[in-house]
Visitor: 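First the structure, which I've put down as structure tokens, then a few questions once you've had a look.
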Amino acid sequence: RTITPVSTLTPSPTWTMTPSATPTITATPIDCALQRDRAIQFLSEHPVKIGDTTRKVVMMTYDDQGDKKYINRLLDIYQSQSCRATFFFIGDRMKEYQQEIQRLVSEGHIFGCHGWVHEPYTGFDDNRVLKDLQKWIDLAQEIVPNAPLRFFRPPYGDKNDRLVQLAGSKGFQVIMWSHSSGGLDDKTAQRVLDGVQPGSIVL
């Protein structure tokens, strides 16, 4: 792209200035490739396991979309408390949840990738991983065209350095968790309350 700096000069009554040619700065393909490589390297080296432990903030995250009635109930609760959460969706289920995805994005929650299928991605070759991530991105952009797509949580939390790097090549930072709710049962809430600390990422 071309960036053209513009300056406005007000000449004094006794002299005038003839502006010189406006300089232009053009980003070359080499510059763009270098920036992309640096971004991929950063994402590949910085999977997130815990938040800022110096602040009394807990990050609530949800995987596998769940039942529609639960998603909408959660969104109602977060809306009433002016809080936000992160929801990781499986790609081959997203069409069923288009309205819920559009709602959560419009209300300021984070919409994250949980793979195209809920299977361990460390067992897939590079081409399969990249193909699945791209399929997820393509469908997500159809459902919420302007939503930022920045985070990936591997199904089952199954990851290795290769998967983190492949995710980074698609612009995803891997997000894990530091505290698990243990699933959905009558002890879920208490397990969360008993285990959270400043900076906890709750699954």
Side-chain angles (χ1 to χ4, degrees), residues 35-67 70-91 97 100-101 103-115 118-122 129 133 136-137 140 144 146-203:
Q35 290 177 6
R36 180 178 180 277
D37 289 345
R38 287 176 176 170
I40 291 171
Q41 181 179 358
F42 176 85
L43 295 174
S44 301
E45 293 174 354
H46 294 84
V48 177
K49 300 176 184 176
I50 194 167
D52 184 352
T53 58
T54 66
R55 300 171 59 209
K56 292 184 178 180
V57 176
V58 172
M59 287 152 280
M60 301 298 293
T61 69
Y62 300 85
D63 292 359
D64 309 341
Q65 55 273 330
D67 191 295
Y70 291 129
I71 294 178
N72 284 299
R73 184 179 177 190
L74 283 169
L75 293 176
D76 290 342
I77 293 169
Y78 281 117
Q79 185 79 339
S80 71
Q81 299 300 313
S82 299
C83 295
R84 303 293 178 264
T86 301
F87 296 83
F88 293 97
F89 277 75
I90 301 168
Y97 292 84
E100 288 73 24
I101 291 170
R103 177 186 173 186
L104 70 89
V105 168
S106 71
E107 293 179 0
H109 301 279
I110 293 176
F111 173 40
C113 174
H114 200 38
H118 200 275
E119 296 181 25
Y121 271 81
T122 56
V129 173
L133 292 178
W136 191 96
I137 291 168
V144 278
N146 298 316
L149 307 174
R150 299 179 296 166
F151 303 115
F152 170 59
R153 173 171 285 166
Y156 305 107
D158 180 64
K159 71 174 178 65
N160 55 22
D161 291 344
R162 179 181 67 94
L163 181 60
V164 174
Q165 186 170 16
L166 291 170
S169 74
K170 289 294 183 180
F172 288 124
Q173 187 170 23
V174 170
I175 306 295
M176 302 301 286
W177 63 88
S178 61
H179 179 52
S180 175
S181 67
L184 185 61
D185 58 37
D186 58 356
K187 297 181 180 179
T188 299
Q190 196 58 51
R191 279 195 296 267
V192 171
L193 292 173
D194 288 345
V196 294
Q197 301 291 333
S200 288
I201 301 178
V202 179
L203 168 62

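The shown structure was predicted, so the numbers you read here are calculated from the model rather than taken from an experiment.
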Visitor: Do Arg84 and Gln79 pass the side-chain contact (heavy atoms from CB on, under 4.5 Å) test, and can you show the C-alpha distance, the side-chain angles, and the key distance before you say yes or no?
Guide: CA-CA 8 Å; Arg84 303 293 178 264; Gln79 185 79 339; 4.3 Å; yes
Visitor: For Arg162, I'd like to know if atom CZ has over 12 heavy atoms of other residues, nucleotides or ligands within 6.0 Å.
Guide: yes
Visitor: Nearest 0.5 Å, please: how far is CD in Gln65 from OH in Tyr70?
Guide: 15.0 Å
Visitor: Taking all non-hydrogen atoms of both residues into account, name the closest pair between Ser80 and Ile77 and its distance.
Guide: OG-O, 2.7 Å
Visitor: Specify the closest pair of heavy atoms between Cys83 and His109, including all atoms of both residues, with the distance to one decimal.
Guide: O-CE1, 3.6 Å
Visitor: Check for me whether the distance between the ring centres of Trp136 and Phe111 falls short of 6.0 Å.
Guide: yes
Visitor: Check the pair Trp177 / Val202 against side-chain contact (heavy atoms from CB on, under 4.5 Å), numbers first and verdict last.
Guide: CA-CA 6 Å; Trp177 63 88; Val202 179; over 6 Å; no
Visitor: Looking at Leu133 and Cys113, what are the two nearest heavy atoms and their distance?
Guide: CD2-SG, 4.0 Å
Visitor: Evaluate side-chain contact (heavy atoms from CB on, under 4.5 Å) for Val48 paired with Met59, printing each intermediate quantity in order.
Guide: CA-CA 12 Å; Val48 177; Met59 287 152 280; over 6 Å; no
Visitor: May I have the step-by-step check of side-chain hydrogen bond (donor to acceptor under 3.5 Å, both in side chains) for Asn160 and Thr122, ending in yes or no?
Guide: CA-CA 7 Å; Asn160 55 22; Thr122 56; 4.9 Å; no
Visitor: More than 12 heavy atoms of other residues, nucleotides or ligands under 6.0 Å from CD of Gln165: yes or no?
Guide: no
Visitor: How close do His114 and Pro155 get, heavy atom to heavy atom, and via which atoms?
Guide: O-CG, 3.3 Å
Visitor: Hey, what do you get for CG (Leu74) to CG (Leu104), rounding to the nearest 0.5 Å?
Guide: 10.5 Å
Visitor: Is there a side-chain contact (heavy atoms from CB on, under 4.5 Å) between Tyr121 and Leu166? Walk through the geometry before answering.
Guide: CA-CA 11 Å; Tyr121 271 81; Leu166 291 170; over 6 Å; no
Visitor: Who passes ring pair (Phe, Tyr, Trp, His ring centres under 6.0 Å) against Tyr156, sequence neighbours left out?
Guide: His118
Visitor: Test of understanding: with side-chain hydrogen bond (donor to acceptor under 3.5 Å, both in side chains), list the residues that count as partners of Thr54, not counting sequence neighbours.
Guide: Asp52
Visitor: Looking at Arg191 and Asp185, does any basic side-chain N land under 4.0 Å from a carboxylate oxygen?
Guide: yes
Visitor: Give, for atom CZ of Arg55 and atom OG1 of Thr53, the distance between the pair rounded to the nearest 0.5 Å.
Guide: 11.0 Å
Visitor: Heavy atoms only: give me the nearest Lys159-Lys49 pair and the separation to one decimal.
Guide: NZ-CE, 4.4 Å
Visitor: Restricting to non-hydrogen atoms, name the atom on Leu149 and the atom on Phe172 that form the minimum distance, rounded to 0.1 Å.
Guide: O-CE2, 3.8 Å
Visitor: Output yes when Arg103 and Asp76 qualify as a salt bridge under the 4.0 Å nitrogen-oxygen rule, no when they do not.
Guide: yes
Visitor: Starting at CD1 of Ile201, measure out to CE of Met176 and round the result to the nearest 0.5 Å.
Guide: 10.0 Å
Visitor: So, taking the atom named NE2 in His179 and the one named OG1 in Thr61, what distance separates them when rounded to the nearest 0.5 Å?
Guide: 11.0 Å
Visitor: Return the CZ to CG distance between Phe87 and Asp63, rounded to the nearest 0.5 Å.
Guide: 11.0 Å
